[in-house]
Asks: 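First, the structure itself, so that you have it in front of you.
When a residue number appears, it is its place in the shown sequence, counting from 1.
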Amino acid sequence: MRTGGKISAAIEVLRDVLERHQPLKIALRDWGKRARYAGSKDRAWVSGLVLDALRKRNSIAHHMGHNDPRALILGALRIAWEWNARDIEEACYDDHGPTPLTNDERSRLILAPDPSAAPHIQGDYPDWMAPHMQRAFGPDAVIEAQMMAVRADVDLRVNTLKSDAEKAALPLKSVKAEPSRLLKNAYHIPARDPTEREDSIEGIPAFSKGWVEVQDAGSQIAAAAACAKPDEQVMDYCAGGGGKTLALAAQMQGQGQIHAYDIDGKRLSALIPRLKRSGAHNVQLVHPSEGNALEPLVGQMDLVFVDAPCTGTGTWRRRPDSKWRVKPAQLQKRMQDQREILQAASTYVKPAGRLLYATCSFLIEEDEDRVAEFLAGAPHFVERDAAEAAIASGALTPHGADVVRKFRGPTGSVRLTPRRAGTDGFFFALLERRA
């Protein structure tokens, strides 16, 4: 495809997302079905441009004076991809390209960004979230948010049930993976240029053999803080797709028992092939349809891991369309979910057992507030130092230990962000039931 045609395609996809309210993944899939002539590089180009337009939607709309799909795509070329106005104008004259630039568009494309714009404009987050951003990050809110509006890296966890970091090094060279700066048994793939197609992790033998799993480094650090041990009884209370379950199984060296529980049977079923590939044989899947399967486990768990449903603000780099869909009512709903889940999950912790609460959110309302509220009503639980627990696990590098200690909160909980740690936004706190 010529450049102009790809720009037109990006405008079309973004229109489906913003005006027809299609999920981004569906909009890209439907366009791909219509554009059978588009090669893999063309699809990566279009997808990358749409994603960057969504990541920087506020600042682009402010710069262009409009928030329609055409303005956002043209503005993304200028602001996110740093094209000059002349190259953008020439592309508009390509076959199947968008209509030529207007005088207003031409003049705006040569302007520098406005340094006096409001914080939610510069930081590219919904304006209603301004007080929440300020509460979480204070004067660094804009800088933190700007680092959430860039393309995300990819992190890989080495599955120590089947391999180790040294053994995985050679096969991971094909995807340009580098040793993680944060974790000993992990690799890091820097984000590609947005116009380039990313290498497929699933296509390499090391993945199909179960040597590595895709898992954000922040999530891996939270799993490390849980310190699951061989022969323990462990529950992954909101198991979802099973990334934490697999990490915990590796920590336990295949010994003991993990009960992976989730109310979404479809997501839980997706864990089955991952378990087979990983070689983890000590995992039992539990679903509400099985009746009272959890009842015998009350008060029996050495560890309960709760990766609670949340607004997902920490994943804005990977899912920029979700940034603009989150609303105050959704935050309130998630807070109530978290209250109920924490209360329910805590009943399975045995005396002297541990509960690891985590979210992929940077909002204090979903993080420290929920932990403090739970502890106020549960005097038989006490908060422990999650940062030191992660370090004591032995999973972190010296740099990783420094990062976790630096961003340890007053009570021992940890908040990681793209700016602070190069991870997704992630929070975790460690609680212990009194003996």
Side-chain angles (χ1 to χ4, degrees), residues 155 157-161 164-165 180 182-186 213 215-239 242-261 278 280 282-283 297 299-308 342 345-346 348-359 367 371 374-375 381-405 407-409 411-416 421 423 426-435:
D155 294 307
R157 179 182 58 80
V158 176
N159 176 21
T160 53
L161 292 175
D164 56 42
S180 170
L182 300 170
L183 294 137
K184 295 176 182 177
N185 285 303
E213 285 284 343
Q215 186 178 11
D216 181 75
S219 176
Q220 293 184 53
I221 293 171
C227 295
K229 302 175 182 64
D231 297 323
E232 285 193 326
Q233 290 292 311
V234 174
M235 179 182 293
D236 186 357
Y237 190 74
C238 300
K244 312 293 190 313
T245 298
L246 297 175
L248 296 172
Q251 289 179 26
M252 296 168 68
Q253 302 171 28
Q255 302 173 44
Q257 185 72 38
I258 301 178
H259 307 269
Y261 172 79
S278 75
N282 61 330
V283 179
L297 307 181
Q300 301 299 312
M301 296 294 106
D302 296 287
L303 167 67
V304 175
F305 196 110
V306 179
D307 185 1
L342 255 177
S346 70
Y348 300 99
V349 182
K350 75 179 188 181
R354 312 177 306 283
L355 189 154
L356 194 293
Y357 175 77
T359 74
D367 300 337
V371 172
F374 170 76
L375 290 174
F381 275 88
V382 62
E383 186 165 5
R384 298 304 187 192
D385 195 319
E388 292 303 323
I391 295 166
S393 73
L396 276 59
T397 64
H399 174 71
D402 288 343
V403 168
V404 168
R405 281 201 179 104
F407 298 109
R408 173 193 179 278
T411 62
S413 62
V414 177
R415 173 174 287 100
L416 303 175
T423 66
F426 220 88
F427 170 88
F428 57 93
L430 182 63
L431 312 180
E432 182 180 292
R433 183 173 176 179
R434 299 181 191 274

Asks: Compare every heavy atom of Ser413 with every heavy atom of Ala429, then report the nearest pair and how far apart it is.
Replies: CB-CB, 3.9 Å
Asks: If we ignore hydrogens and angles and just use 3.5 Å, is the side chain of Gln251 paired with the main-chain N or O of Ala228 as donor and acceptor?
Replies: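 Checked: pair present.
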Asks: Once you round to the nearest 0.5 Å, how far does CD of Glu432 lie from CG of Asp385?
Replies: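 Here the interatomic distance stands at 12.5 Å.
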Asks: Could you tell me if the side chain of His259 sits less than 4.5 Å from the side chain of Gln233, heavy atoms only?
Replies: yes
Asks: Determine whether Gln300 and Gln257 make a side-chain contact, defined as any pair of heavy atoms from C-beta on separated by less than 4.5 Å.
Replies: no
Asks: Kindly compute the distance separating CZ (Phe428) from CZ (Phe305), expressed to the nearest 0.5 Å.
Replies: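 Result: 9.0 Å between the selected atoms.
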Asks: Could you tell me if the side chain of Leu183 sits less than 4.5 Å from the side chain of Asp155, heavy atoms only?
Replies: no
Asks: Within this structure, what is the NZ-CG distance for the pair Lys350 and Leu297, rounded to the nearest 0.5 Å?
Replies: 12.5 Å
Asks: If I compare all heavy atoms of Thr423 with all of Leu416, which pair ends up nearest, and what's the gap?
Replies: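 Looking at all heavy atoms of both residues, the shortest contact is OG1-CB, 3.5 Å.
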Asks: Leu248 and Ala226: which non-hydrogen atoms are nearest, and at how many Å?
Replies: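 Minimum heavy-atom contact is CD2-CB, 4.1 Å.
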Asks: What are the two closest heavy atoms between Asn282 and Gly256, and how far apart are they?
Replies: CB-O, 3.2 Å
Asks: Nearest 0.5 Å, please: how far is CZ in Arg405 from CD in Glu388?
Replies: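 Reported value, rounded in 0.5 Å steps: 4.5 Å.
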Asks: Side chains of Asp236 and Thr245: is there a donor and an acceptor less than 3.5 Å apart?
Replies: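 A pair is found: one side chain offers a donor N or O, the other an acceptor, under 3.5 Å apart.
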Asks: Report the relative orientation of the aromatic rings in Tyr348 and Tyr237; use parallel for angles under 30°, tilted for 30 to 60°, perpendicular for over 60°.
Replies: tilted
Asks: Between Asp302 and Arg354, is the closest basic N to carboxylate O distance under 4.0 Å?
Replies: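 No, Arg354 and Asp302 are not salt-bridged.
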Asks: Under the criterion side chain to side chain donor-acceptor pair (under 3.5 Å), I'd like the reasoning laid out for Asn159 against Ser278: C-alpha separation, chi angles, the key distance, then a yes or no.
Replies: CA-CA 7 Å; Asn159 176 21; Ser278 75; 4.9 Å; no
Asks: Return the minimal non-hydrogen interatomic distance between Gly243 and Gln215, and the atom names on each side.
Replies: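 Here Gly243 and Gln215 meet closest at O-NE2, 3.7 Å.
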Asks: Report yes if the side chains of Ile221 and Phe426 come closer than 4.5 Å at any heavy-atom pair, otherwise no.
Replies: no
Asks: Nearest 0.5 Å, please: how far is CG in Leu396 from CG in Asn185?
Replies: 11.0 Å
Asks: Atom CG in Leu161, atom CE in Met252: separation rounded to 0.5 Å?
Replies: 10.5 Å
Asks: Decide yes or no for Gln220 and Leu182: does some side-chain heavy atom of the first lie under 4.5 Å from some side-chain heavy atom of the second?
Replies: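 Gln220 vs Leu182: side chains apart.
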Asks: Quickly, which of Val349, Leu303, Leu430 forms a side-chain contact (heavy atoms from CB on, under 4.5 Å) with Leu355? Name it, please.
Replies: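 Testing each of Val349, Leu303, Leu430 against Leu355, the sole residue satisfying side-chain contact (heavy atoms from CB on, under 4.5 Å) is Val349.
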Asks: Hey, are the side chains of Val403 and His399 touching, using non-hydrogen atoms and a 4.5 Å cut-off?
Replies: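 Counting from C-beta outward, Val403 and His399 do come under 4.5 Å.
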Asks: Would you call Lys244 and Asp307 a salt bridge, using N to O less than 4.0 angstrom?
Replies: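 Answer for the salt bridge query: yes.
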Asks: May I ask you to test the Glu383-Leu431 pair for a side-chain heavy-atom distance under 4.5 Å?
Replies: yes
Asks: Hey, does Asp367 have a side-chain heavy atom less than 4.5 Å from the side chain of Val371?
Replies: no
Asks: What pair of heavy atoms forms the shortest contact from Ser393 to Ala390, and how long is it?
Replies: OG-O, 2.5 Å
